[in-house]
Amino acid sequence: MCSMILHGRRLVQLQKWPNFSVSVQKSTPLSNSFSSSASAASDVVSLQDGRKGKNFTVSYLVGSLGLTTKVAESISSKVSFEDKVNPDSVLSLLRSYGFTKSQISSIITVYPRLLILDAEKSVAPKLQSLQSRGASSSELTEIVSKVPKILGKRGHKAISVYYDFVKDVIEADKSSNYEKLCHSFPQGNKENKIRNISVLRELGVAQRFLFPLLISDSQPVCGKERFEESLKKVIEMGFDPETSKFVEALRVIYRMSDKTIEEKVNVYKRLGFGVADVWTIFKKWPSFLSYSEKKITNTFETLKGCGLLKHEVLSLLKKHPKCICSSEQKIVNSIETFLSLGFTKDEFVMMVKRYPQCIDYTPETVKKKTEFIVKKMNWPLEALVMIPQVYGYSLEKRTVPRCNVIKTLMSKGLMRYGSEAPPMSSVLTSTDQVFIKRYVMKHDKLVPELMGIFTGENGKKSEVLQ
């Protein structure tokens, strides 16, 4: 293991995975039917109740913790509640132990399930147990903030073992000189975990990646021989231990045998990918190998059903491999959304080829951004077809502030385009520095006002100037 650590630190270039030679099987044709069935009345009621709880959860998280709507919506997909009684009790308990507002927000973002645990019967006893071990308030809040899921572990002994190990790591990392852990490994199932986490730390894996591995029950640090084999493969492939992709690759490789990996590679080969293509994409997004043959081929055929040719689908997946995880229904919904906004099917295909991430956005996001571009700024749909990357820009942080600057200049008759806005590409695709030079600094007397609009200091950053 020591030699592996040294080898991992030195190895920086990707070494080729052995080519696999397996007979190619014919793919099963998949239906491209986009038919849908009506929901039963009971399903509608259930859906409405779910939305009600989700909407309350989002409002609560934004109001009580100051989280952004986007983060709150993400959390609401994991936990949902329809009243504030239990969440309030949990937050009140955390505050009583000295957790700051930012620490609490961080804890809930990482471990939202904490809000639905019983504050008195489940959470409080664990905090009391840790405090009774002599932990100071600052030490307790720091460790729990870094590893909030420790409050979800069962058994005081298990919690104490993990707590002590996390404490050792934090204290060792604070040292000016790198310190190797001198932790005594516990007996039993936790021995492998702590030993393997120590190895990853010595390779350079950061705390923010180590601690979630430590707490989870289904991660690649539970075994011994299997862990060492998987780690060796990931190191030899050239993944940087300081990045999240290193841990992602370790998870994927750990879960699959060589035979399974071989089968996954051959699925992609049958679709037209080269072996080198597969491993290049794996380096970019390790989860690329984690999907089943049915899922991979279904998504591939669905994309072809949208109007993309085989070589265009291959190009799209090489450029944006995460498209492989998009469900058939999500892709269909994406098509329907763009068509309902006035785009043709050919224009949709063109946008996807130029910016595959188009498929990933929710119908609400696509509609909101399209309507702003077309209705508020009077830019044509063709502009979005040419530059679909605009859908990836933040409406609040980039698009609206810049457009408000343009609207202000137009209202003062200072645009050479008269009553029309300049081309969308000129306004939205340039860097901040170029935009400011082009539309702000040229107007000496208005610079303070325009900069205030651009930065949102005048309170109009998120509002659209009429």
Side-chain angles (χ1 to χ4, degrees), residues 29-55 57-58 69-78 80 285 287-288 291-292 294-310 312-317 319-375 381-385 387-395 399:
L30 295 174
S31 170
N32 293 318
S33 172
F34 295 155
S35 61
S36 59
S37 58
S39 300
S42 59
D43 292 335
V44 173
V45 173
S46 177
L47 181 61
Q48 291 174 340
D49 290 342
R51 287 176 178 172
K52 179 181 177 182
K54 184 173 181 178
N55 290 338
T57 303
V58 171
T69 301
K70 184 176 181 179
V71 172
E73 288 176 345
S74 175
I75 291 176
S76 70
S77 66
K78 302 170 185 174
S80 181
W285 189 54
S287 294
F288 190 66
Y291 293 94
S292 67
K294 181 179 179 181
K295 171 60 183 168
I296 295 167
T297 53
N298 188 34
T299 301
F300 195 92
E301 294 299 325
T302 300
L303 289 170
K304 285 174 62 178
C306 294
L308 293 167
L309 300 176
K310 180 178 178 179
E312 292 174 334
V313 176
L314 290 171
S315 176
L316 181 152
L317 291 176
K319 184 177 180 181
H320 185 59
K322 289 186 179 181
C323 282
I324 204 72
C325 67
S326 297
S327 66
E328 181 178 351
Q329 189 59 54
K330 184 176 182 179
I331 296 172
V332 173
N333 289 343
S334 181
I335 296 174
E336 293 176 347
T337 299
F338 280 99
L339 294 182
S340 71
L341 292 168
F343 295 97
T344 67
K345 191 170 182 179
D346 287 341
E347 287 174 331
F348 171 77
V349 171
M350 190 177 299
M351 294 167 73
V352 171
K353 287 193 289 185
R354 289 174 173 164
Y355 187 64
Q357 292 90 327
C358 284
I359 294 175
D360 295 336
Y361 299 121
T362 64
E364 293 75 16
T365 296
V366 172
K367 289 177 182 177
K368 186 177 181 180
K369 293 186 177 182
T370 302
E371 289 174 357
F372 177 85
I373 294 296
V374 176
K375 294 182 179 180
L381 286 175
E382 289 76 12
L384 287 167
V385 175
I387 315 174
Q389 291 85 349
V390 167
Y391 285 108
Y393 299 156
S394 168
L395 197 62
T399 304

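For clarity, every value in this text was computed on a predicted model and none was experimentally measured. Excluded from the calculations below are hydrogen atoms, water molecules and symmetry mates; all remaining heavy atoms, backbone and side chain alike, are included.
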What pairs with Ser77 under side-chain contact (heavy atoms from CB on, under 4.5 Å), at least two apart in sequence or on another chain?
-> none
Kindly say whether Lys330 contributes a backbone atom to a donor-acceptor pair with the side chain of Ser334 at under 3.5 angstrom?
-> no
Which value, rounded to the nearest 0.5 Å, describes the distance between Leu314 atom CG and Lys310 atom NZ?
-> 6.5 Å
Using modelled atom types only, decide if a donor and an acceptor are shared between the side chain of Ser315 and the backbone of Glu312 within a distance under 3.5 Å.
-> no
Will you find, in the side chains of Thr299 and Lys295, an N or O donor that is under 3.5 Å from an N or O acceptor?
-> yes
Could you state the interatomic distance from CZ (Phe300) to CD1 (Ile324), rounded to the nearest 0.5 Å?
-> 8.0 Å
Please identify each residue that fulfils side-chain contact (heavy atoms from CB on, under 4.5 Å) with Lys322, with sequence neighbours left out.
-> Trp285, His320
Angle class for the Tyr391/Phe338 ring planes (parallel below 30°, perpendicular above 60°, tilted otherwise)?
-> perpendicular
Can you see which heavy atom on Met351 is nearest to which on Leu384, and at what distance?
-> CE-O, 3.9 Å
Validation row: Val390, Lys369 side chains within 4.5 angstrom (heavy atoms) | no
Ile335 side, atom CD1; Ile359 side, atom CD1 - distance, nearest 0.5 Å = 7.5 Å
Kindly compute the distance separating CZ (Phe348) from CG (Leu308), expressed to the nearest 0.5 Å.
-> 8.0 Å
Separation between CD of Glu328 and CG of Asn333, rounded to the nearest 0.5 Å = 10.5 Å
What heavy-atom pair brings Val385 and Arg354 nearest, and what distance separates the two atoms?
-> O-NH1, 2.9 Å
For Cys325 and Tyr291, work out which heavy atoms get closest and say how close.
-> CB-OH, 2.9 Å
Does Leu303 reach the side chain of Leu317, with side-chain heavy atoms less than 4.5 Å apart?
-> yes
Looking at Pro356 and Leu316, what are the two nearest heavy atoms and their distance?
-> CB-CG, 3.8 Å
Give the minimum heavy-atom separation between Ser326 and Asp360, together with the two atoms involved.
-> OG-OD1, 3.6 Å
Is a side-chain N or O of Lys367 found less than 3.5 angstrom from the main chain of Ser340, in a donor-acceptor match?
-> no
For residues Cys306 and Ile331, report the shortest heavy-atom separation together with the two atoms involved.
-> SG-CG2, 3.4 Å
Rounded to the nearest 0.5 Å, what's the gap from CG on Leu395 to OG1 on Thr365? Could you check?
-> 9.5 Å
